[in-house]
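Everything on this sheet refers to the single structure shown next.
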Amino acid sequence: LANLRLQQQARELTELSHNDALTGLRNRRYFETTLAAEYQRGSRHQYPLSLLIVDIDFFKRVNDAHGHLVGDLCLRHVALEIRGQFLRSQDTVARLGGEEFVIVLPGLDRVEGARLANNLLNHIRSRPFVHDGICEALTVSIGGACTTALPRGNPAELLNQADQALYQAKRGGRNQVVWSAY
């Protein structure tokens, strides 16, 4: 009985170590492990892997105007909205840090990944953050990358390509999806 209790506690600790305490999403450590595993799996089975990085536009304004506690509630709001859009069991939604989130989409090519990214962009835009008399319209910028020629690259390169696409979306005016040519 004591051994079973210890095993259960170990499973619970492992689960806690994979989650972001603020948003309840998976954390960066879990994301990095999952991305590497999905990259290897995609390479073995020759299926595409799409990756999205999502950044809340002008999030600093929310913190500056309403304080960090409200900012935290806003982050939770966006996290729930993102999680609600990616319901396949193989999809991984994680918080990278700050106001950045990442989504791993195994088996989805660029066309499907871009469709889901645009759906997310429109969904977030249509769901303002509302709390205690505060109503903040939110937008996000999304960078996407997909690889189908998995053996030629690596997970870090896929992440870098999605990150570069995100910065293009930011420089291009925000509130948009930019897809990497990777």
Side-chain angles (χ1 to χ4, degrees), residues 8-9 11-35 38 50-106 108 112-145 159 162-180:
Q8 178 62 27
Q9 287 174 339
R11 280 191 296 272
E12 289 172 6
L13 284 173
T14 298
E15 184 65 22
L16 284 172
S17 75
H18 290 160
N19 290 333
D20 176 63
L22 178 63
T23 64
L25 296 177
R26 296 300 192 175
N27 61 22
R28 185 179 189 119
R29 180 184 327 151
Y30 184 88
F31 154 70
E32 288 171 348
T33 302
T34 298
L35 180 62
E38 290 298 344
S50 287
L51 182 67
L52 305 175
I53 301 178
V54 180
D55 187 84
I56 303 171
D57 295 328
F58 305 111
F59 182 72
K60 185 176 182 321
R61 290 183 191 170
V62 173
N63 276 338
D64 290 349
H66 307 292
H68 290 280
L69 292 178
V70 170
D72 287 352
L73 293 174
C74 183
L75 284 172
R76 285 188 197 125
H77 165 78
V78 172
L80 284 172
E81 296 298 336
I82 294 171
R83 180 68 247 162
Q85 295 298 297
F86 297 92
L87 302 176
R88 298 182 318 152
S89 61
Q90 63 268 42
D91 297 343
T92 299
V93 179
R95 181 174 177 214
L96 278 181
E99 64 272 11
E100 283 192 344
F101 303 89
V102 66
I103 303 134
V104 180
L105 300 167
L108 295 187
E112 275 300 300
R115 184 184 64 77
L116 291 175
N118 281 298
N119 287 350
L120 177 61
L121 183 86
N122 293 323
H123 180 80
I124 297 293
R125 195 177 4 208
S126 71
R127 302 289 195 287
F129 168 67
V130 178
H131 172 74
D132 200 24
I134 297 166
C135 183
E136 288 283 343
L138 299 172
T139 62
V140 293
S141 296
I142 303 174
L159 178 60
D163 194 47
Q164 292 303 312
L166 172 64
Y167 280 100
Q168 282 184 291
K170 293 288 210 186
R171 283 191 302 269
R174 294 181 166 80
N175 190 25
Q176 62 181 309
V177 175
V178 171
W179 206 260
S180 169

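Shown are Ile142, Ile124, Thr139; of these, the side chain to side chain contact (heavy atoms under 4.5 Å, CB included) with Asn175 is made only by Thr139.
With no hydrogens or angles considered, a side-chain donor-acceptor pair links Arg26 and Asn19 at under 3.5 Å.
Remark: Phe129 engages His77 in a ring pair (Phe, Tyr, Trp, His ring centres under 6.0 Å) (not counting sequence neighbours).
A donor-acceptor pair under 3.5 Å links the side-chain atoms of Arg76 to the main chain of Leu22, judged by distance alone. Under the 3.5 Å distance criterion, the side-chain polar atoms of Ser50 are matched with a main-chain donor or acceptor of Leu108.
Residues Glu136 and His66 have side chains in contact (heavy-atom distance under 4.5 Å, counting atoms from C-beta outward). Taking 4.5 Å as the limit, some side-chain heavy atom of Trp179 sits within range of a side-chain heavy atom of Leu52. The shortest side-chain heavy-atom distance between Leu25 and Ile82 does not fall under the 4.5 Å cut-off. Contact check for Leu75 versus Arg95: side-chain heavy atoms found under the 4.5 Å cut-off. Contact check for Arg88 versus Pro106: side-chain heavy atoms found under the 4.5 Å cut-off. Taking the side chain as every heavy atom from C-beta outward, Tyr30 and Asp20 never approach each other to under 4.5 Å.
The pair Lys170-Asp57 counts as a salt bridge, with a side-chain nitrogen and a carboxylate oxygen less than 4.0 angstrom apart.
Between Cys74 atom SG and Arg61 atom CZ the span is 13.0 Å, to the nearest 0.5 Å. Rounding to the nearest 0.5 Å gives a distance of 8.5 Å between CD of Gln164 and OH of Tyr167. Separating the CD1 atom in Ile103 from the CD atom in Gln85 is a distance of 9.5 Å, to the nearest 0.5 Å.
Closest non-hydrogen pair, Ala79 versus Thr23, comes out as CB-CB, 3.7 Å. Of all the heavy atoms in Ala145 and Ala162, the pair that sits closest is CB-N, 3.6 Å. When all heavy atoms of Ala137 and Pro128 are compared, the closest pair comes out as CA-CB, 4.2 Å. Closest heavy-atom contact between Glu112 and Arg115: OE1-NH2, 2.8 Å. Scanning both residues, Arg174 and Ser141, for their nearest heavy atoms gives CA-OG, 3.3 Å.
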Quiz prompt | Worked verdict on Thr92 versus Glu38 for side chain to side chain contact (heavy atoms under 4.5 Å, CB included) | solution = CA-CA 10 Å; Thr92 299; Glu38 290 298 344; 5.9 Å; no
Practice problem: Quick one: do Leu159 and Ile53 satisfy side chain to side chain contact (heavy atoms under 4.5 Å, CB included)? Show the steps, please. | Solution: CA-CA 8 Å; Leu159 178 60; Ile53 301 178; 3.7 Å; yes
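The environment of Arg125 atom CZ is dense: over 12 non-hydrogen atoms of other residues, nucleotides or ligands sit within 6.0 angstrom. The environment of CG in Leu87 is crowded: more than 12 heavy-atom neighbours from other residues, nucleotides or ligands sit within 6.0 Å.
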